[in-house]
Visitor: 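Here's a structure for you.
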Amino acid sequence: MHTKQLEKYVGQEVTLKGWVANKRESKTVVFINLRDGRGLCQCIIGAEEIGEELFATAKSLGQESSIAVTGKVVADERQIGGYELHVTGLHVYQNARDYPISNKEHGIEFLADNRHLWLRSRRQWAIMRVRNSISYAIHNFFQNEGFVQMDAPIFTGNAAEGTTDLFETDYYGKPAYLTQSGQLYGEAMAMAMGKIYTFGPTFRAEKSKTRRHLSEFWMIEPEMAFCDIFENMDTIESFLRAVVLEVVQNCKEELEVLGRDVNKLTTVAKPFPRLSYDEAVEILKGKKEVNGQNSLAVIQADLDKAIERQKTCEAEIAERETIIAAGGIKKGVINFNQNKIDSLKNEIKQLEEDQRNMPQWLASARDFTYGNDFGGSDETVLTRLFDNPIMVYDWPHEIKAFYMKRNPDDPRFARGVDVLAPEGYGEIVGGGERETSEEWLVEKINEHQLPIDVFQWYLDLRRYGSVPHSGFGLGLERLVAWICKLDHVRETIPFPRYYGRLEP
RNA sequence: GCCUUCAUAGCUCAGCUGGUUAGAGCGGUUGACUGUUAAUCAAUAGGUCCCUGGUUCGAGUCCAGGUGAGGGCGCCA
């Protein structure tokens, strides 16, 4: 029996088991918001119905106490979930004391230290359910399309793209690295199965302190035989579309808890814009408009808006401070105003940070050097003009990995594709068509100064039945962050690992 | 690695240009109140102002160094 089944038991007596999410009490009645992992249900405990002794127990319950309550289900539109329980019986598993996370705001460091408890909070509950739903939708899509799921090794001996950003471990006396991609193994498996996908952890020892990096994250890497860059982009597009729409369909309540505007997500039903690197650079530098909009002008307008907004916030703070200073008002009114002032001050801090960052983004976009990779801020500027994920393909071959196939019509370019999510979420997918020629690959491996020996097995794939093939890597946490519209990827995974964070 | 912002009660923060006993809200405790949605009201406890050194008659406040954290860049998904 759980809170989502209550509608079938209106008027009947049921028992719910869960935790005390919140409690309010008066002389003869105690209200408990019971949390059971599925949802919430307010339980009303009246002194007369339950008896003096149990009522005293109910009154003494601390936040997150574990209990079982028995009572009659009553429909009540005002309640979360639409039902409440009129309690006649109470069993206490544990009466918890001093639960550290209150219903007030907390700082990020405190919450991260208490991640094991933070997961019980309503927003985190919603995020974890969306994450679960995304995983399920991903498997659904690939399984329906005939892909075979494979598990790539986590220990690797070859430091494929340089050792600096890999975690080194000891493997029976030899150095081994935690994988930063299963792609090369995926290619081998695709030659055996036709179409495969990996779904597993990935490790990067990058000392990044940004809202879109983790040291340990989950990546989904499909690989398809007999597939070129354009078929690859078709797959990426229908894949993302299917996953997002399925999640929007299945997580209505969760997305509502998160305050997510789902109209910003359902746009994925429309085709994704596809831009060549050259076109993207033109747009980024403000030399080419999109739907009559100039990228630099739009960011400049955002910056102006931030300045305006700060002035509005400051004026409102001054106004509320005057109200408090005037005196002669109730304590509740003072609290209300002080809370407003606090949150306005927080907003100003964010706005000030925006005002420090955005001029840098503008300068970076304006002065962008053709031939470079896009930086995080360039992605933000570029995607600001679109309401759907965009696909940027045909990159200068120098900045792409050694295994990327060169464009046969224009060898300056490699057939890579990056998918950039809207709303500033940046790169969620990176992929491309793979080089099929052993000769070209060897040349590239040497060019990148990589040890040729460890790639002999990889070159075998080009020696025995080499075929055009493509694939991509999807960052699960970045997808979760975008779908949930979160500030930071560290909220997208139960126990995030990022620079400086190993506990809990 | 670089740039930038910050560190005050269990939590979230205020503390103006240095000046007596360091403040608020939440949370805790005690009490009031039949229905609250972060309830409300009253009372009450709770502090090595991150660390080290310096300037000064006097430092939470200024300076230097350190430690920790937030954000941005690089790197990437």
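Chain A is the first sequence line, chain B the second, and so forth, proteins listed ahead of strands; every chain is numbered from 1.
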Visitor: Does A:Thr210 make a side-chain donor-acceptor contact with the base of B:G71, cut-off 3.5 Å?
Guide: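 Donor-acceptor pair under 3.5 Å: no.
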
Visitor: Between B:U12 atom C1' and A:Glu109 atom CD, what is the distance in whole Å?
Guide: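 Interatomic distance, CD of A:Glu109 to C1' of B:U12: 14 Å.
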
Visitor: Suppose you measure atom P in B:U4 against the same atom in B:C63; what distance do you get, rounded to whole Å?
Guide: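 15 Å, rounded to whole Å.
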
Visitor: What interatomic distance, in whole Å, is found between C1' of B:G71 and the corresponding atom of B:G54?
Guide: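 Roughly 31 Å separates the two C1' atoms.
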
Visitor: Kindly say if A:Arg24 contacts the phosphate of B:U36, meaning a side-chain N or O under 4.0 Å from OP1 or OP2.
Guide: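 The answer is no; no side-chain N or O of A:Arg24 sits under 4.0 Å from OP1 or OP2.
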
Visitor: Distance check, C1' atoms only: B:U30 and B:G15, in whole angstrom units.
Guide: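 To the nearest whole Å, 30 Å.
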
Visitor: In whole Å, what is the span from the CG atom of A:Asp487 to the P atom of B:G70?
Guide: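 Answer to the nearest Å: 13 Å.
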
Visitor: In whole Å, what separates the C1' atom of B:C51 from that of B:U12?
Guide: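 Pairwise C1' distance, B:C51 against B:U12, rounds to 24 Å.
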
Visitor: In terms of side-chain geometry, is the basic nitrogen of A:Lys207 or A:Asp165 positioned less than 4.0 Å from the acidic oxygen of its partner?
Guide: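 Answer for the salt bridge query: no.
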
Visitor: Taking the six-membered ring for Trp and the single ring otherwise, decide whether the centroids of A:Phe374 and A:Phe368 are under 6.0 Å apart.
Guide: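 Under 6.0 Å, so yes.
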
Visitor: What is the nucleic acid contact for A:Val429, judged by heavy atoms within less than 4.0 Å: base, sugar-phosphate only, or nothing?
Guide: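 The residue A:Val429 makes sugar-phosphate contact but no base contact.
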
Visitor: Between the main-chain N or O of A:Glu433 and the side-chain N or O of A:Asn232, is there a donor-acceptor pair closer than 3.5 Å?
Guide: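 Here the side-chain-to-backbone pair does not exist.
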
Visitor: Taking atom C1' in both B:U20 and B:C57, compute the distance separating them and give it to the nearest angstrom.
Guide: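 Here B:U20 and B:C57 have their C1' atoms 14 Å from each other.
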
Visitor: If I pick the P atom on B:C16 and the same atom on B:G72, what distance separates them, to the nearest angstrom?
Guide: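 Looking at atom P only, B:G72 and B:C16 are 30 Å apart.
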
Visitor: Look at the side chain of A:Ser208 against the base of B:C75 and say whether a donor-acceptor pair falls under 3.5 Å; ignore hydrogens and angles.
Guide: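 Between B:C75 and A:Ser208, which were checked side chain against base, a qualifying N/O pair under 3.5 Å is present.
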
Visitor: Determine the interatomic distance between C1' on B:G35 and the same-named atom on B:U48; round to the nearest Å.
Guide: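 To the nearest whole Å, 46 Å.
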
Visitor: Could you check whether any side-chain N or O of A:Ser470 sits under 3.5 Å from a backbone N or O of A:Cys227, counting only pairs where one atom can act as donor and the other as acceptor?
Guide: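 Answer holds: yes.
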
Visitor: If you assign each of A:Arg211 and A:Ile428 to its closest nucleotide in RNA chain B, which residue comes earlier from the 5' end?
Guide: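 The residue whose closest nucleotide sits nearer the 5' end is A:Arg211.
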
Visitor: Say you pick atom P in B:A64 and the same atom in B:U5; how far apart are they, in whole Å?
Guide: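 That atom pair is separated by 13 Å.
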
Visitor: Would you mind classifying the nucleic acid contact of A:Asp418 as base, sugar-phosphate or nothing, using non-hydrogen atoms under 4.0 angstrom?
Guide: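 Nothing: the residue A:Asp418, judged by heavy atoms under 4.0 Å, touches no strand.
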
Visitor: Could you state the atom-to-atom distance from CG of A:Asp373 to P of B:C75 in whole Å?
Guide: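 After rounding, the reported distance stands at 6 Å.
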
Visitor: Salt bridge check, A:Asp394 against A:Lys400: does any charged N sit closer than 4.0 Å to a carboxylate O?
Guide: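 So A:Lys400 does not pair with A:Asp394 through a salt bridge.
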
Visitor: How many Å lie between CD on A:Gln360 and P on B:U5, as a whole number?
Guide: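 Computing the A:Gln360:CD to B:U5:P distance gives 11 Å.
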
Visitor: When the ring centroid of A:Phe147 is compared with that of A:Phe199, is the distance short of 6.0 Å?
Guide: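 A:Phe147 vs A:Phe199: aromatic centres not under 6.0 Å.
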
Visitor: Under 4.0 angstrom, heavy atoms only, what part of the nucleic acid is A:Trp361 near: base, sugar-phosphate, or nothing?
Guide: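 Sugar-phosphate, backbone atoms only, no base.
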
Visitor: Using a cut-off of 4.0 Å on non-hydrogen atoms, how would the nucleic acid contact of A:Glu221 be classed: base, sugar-phosphate, or nothing?
Guide: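 No contact.
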
Visitor: Taking N and O atoms by type only, does the side chain of A:Gln63 place a donor or acceptor under 3.5 Å from a partner on the base of B:G28?
Guide: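 No, the side chain and the base share no sub-3.5 Å donor-acceptor pair.
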
Visitor: Between the base of B:C11 and the side chain of A:His106, is there a donor-acceptor distance below 3.5 Å?
Guide: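 Counting by modelled atom types and ignoring angles, no donor-acceptor contact under 3.5 Å is found here.
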
Visitor: Quick one: A:Lys209 NZ to B:G71 C1', roughly how many Å, whole number?
Guide: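 About 9 Å, once rounded to whole Å.
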
Visitor: Can you say whether a donor on the side chain of A:Arg212 sits under 3.5 Å from an acceptor on the base of B:C75, or the other way round?
Guide: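 Between B:C75 and A:Arg212, which were checked side chain against base, a qualifying N/O pair under 3.5 Å is absent.
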
Visitor: Which whole-number value in Å describes the distance from A:Glu477 CD to B:A77 P?
Guide: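 The distance from CD of A:Glu477 to P of B:A77 comes to 13 Å, rounded to the nearest Å.
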
Visitor: Using a 4.0 Å heavy-atom cut-off, does A:Leu479 contact any base of the nucleic acid, only the sugar-phosphate backbone, or nothing at all?
Guide: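 Nothing, no nucleic acid heavy atom in range.
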
Visitor: Considering the options A:Phe239, A:Tyr185, A:Phe142, which one meets the ring-ring contact (aromatic ring centres under 6.0 Å, His included) requirement together with A:Tyr197?
Guide: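 Only one option passes, and that is A:Phe142.
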
Visitor: So A:Arg490, base contact, sugar-phosphate only, or nothing? Heavy-atom distance under 4.0 Å.
Guide: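 Sugar-phosphate contact only - A:Arg490 comes under 4.0 Å of backbone atoms but never of a base.
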
Visitor: Could you say whether A:Arg97 or A:His488 is positioned toward the 5' end of RNA chain B, judged by the nucleotide with the nearest heavy atom to each?
Guide: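 Per heavy-atom nearest nucleotide, the more 5' residue is A:Arg97.
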
Visitor: Charged N to carboxylate O below 4.0 Å: is that the case for A:Lys485 and A:Glu423?
Guide: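 So A:Lys485 pairs with A:Glu423 through a salt bridge.
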
Visitor: Write down the distance between CD (A:Glu48) and P (B:G35), rounded to a whole number of angstrom.
Guide: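 About 14 Å, once rounded to whole Å.
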
Visitor: Is there a donor-acceptor pair under 3.5 Å between the side chain of A:His139 and the backbone N or O of A:Gln149?
Guide: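 Checking the backbone N and O of A:Gln149 against the side chain of A:His139, no donor-acceptor pair under 3.5 Å is found.
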
Visitor: Touch check for A:Thr202, heavy atoms < 4.0 angstrom, all strands: base, sugar-phosphate only, or nothing?
Guide: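 The residue A:Thr202 makes no contact with any strand.
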
Visitor: Can you give me the dot-bracket string for RNA chain B, 5' to 3', counting Watson-Crick and G-U wobble pairs with both distances under 3.5 Å, using [ ] for crossing pairs and | for partners on another strand?
Guide: (((((((..((((.....[...)))).(((((.......))))).....(((((..]....))))))))))))....

Visitor: Nearest-Å distance, OH (A:Tyr99) to P (B:C11)?
Guide: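 Checked: the OH to P distance equals 15 Å.
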
Visitor: Please confirm whether the shortest side-chain N or O distance from A:Asn22 to OP1 or OP2 of B:A39 is below 4.0 Å.
Guide: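 Result: yes.
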
Visitor: State whether the aromatic ring of A:Phe217 stacks on the base of B:A77, taking stacking to mean ring centres under 5.5 Å apart and ring planes under 30° to each other.
Guide: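 A:Phe217 vs B:A77: stacking yes.
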
Visitor: With a 3.5 Å distance limit and no angle check, can you tell me whether A:Ser295 reaches the backbone of A:Val381 through a side-chain donor-acceptor pair?
Guide: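 Looks like no, no N/O pair under 3.5 Å.
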
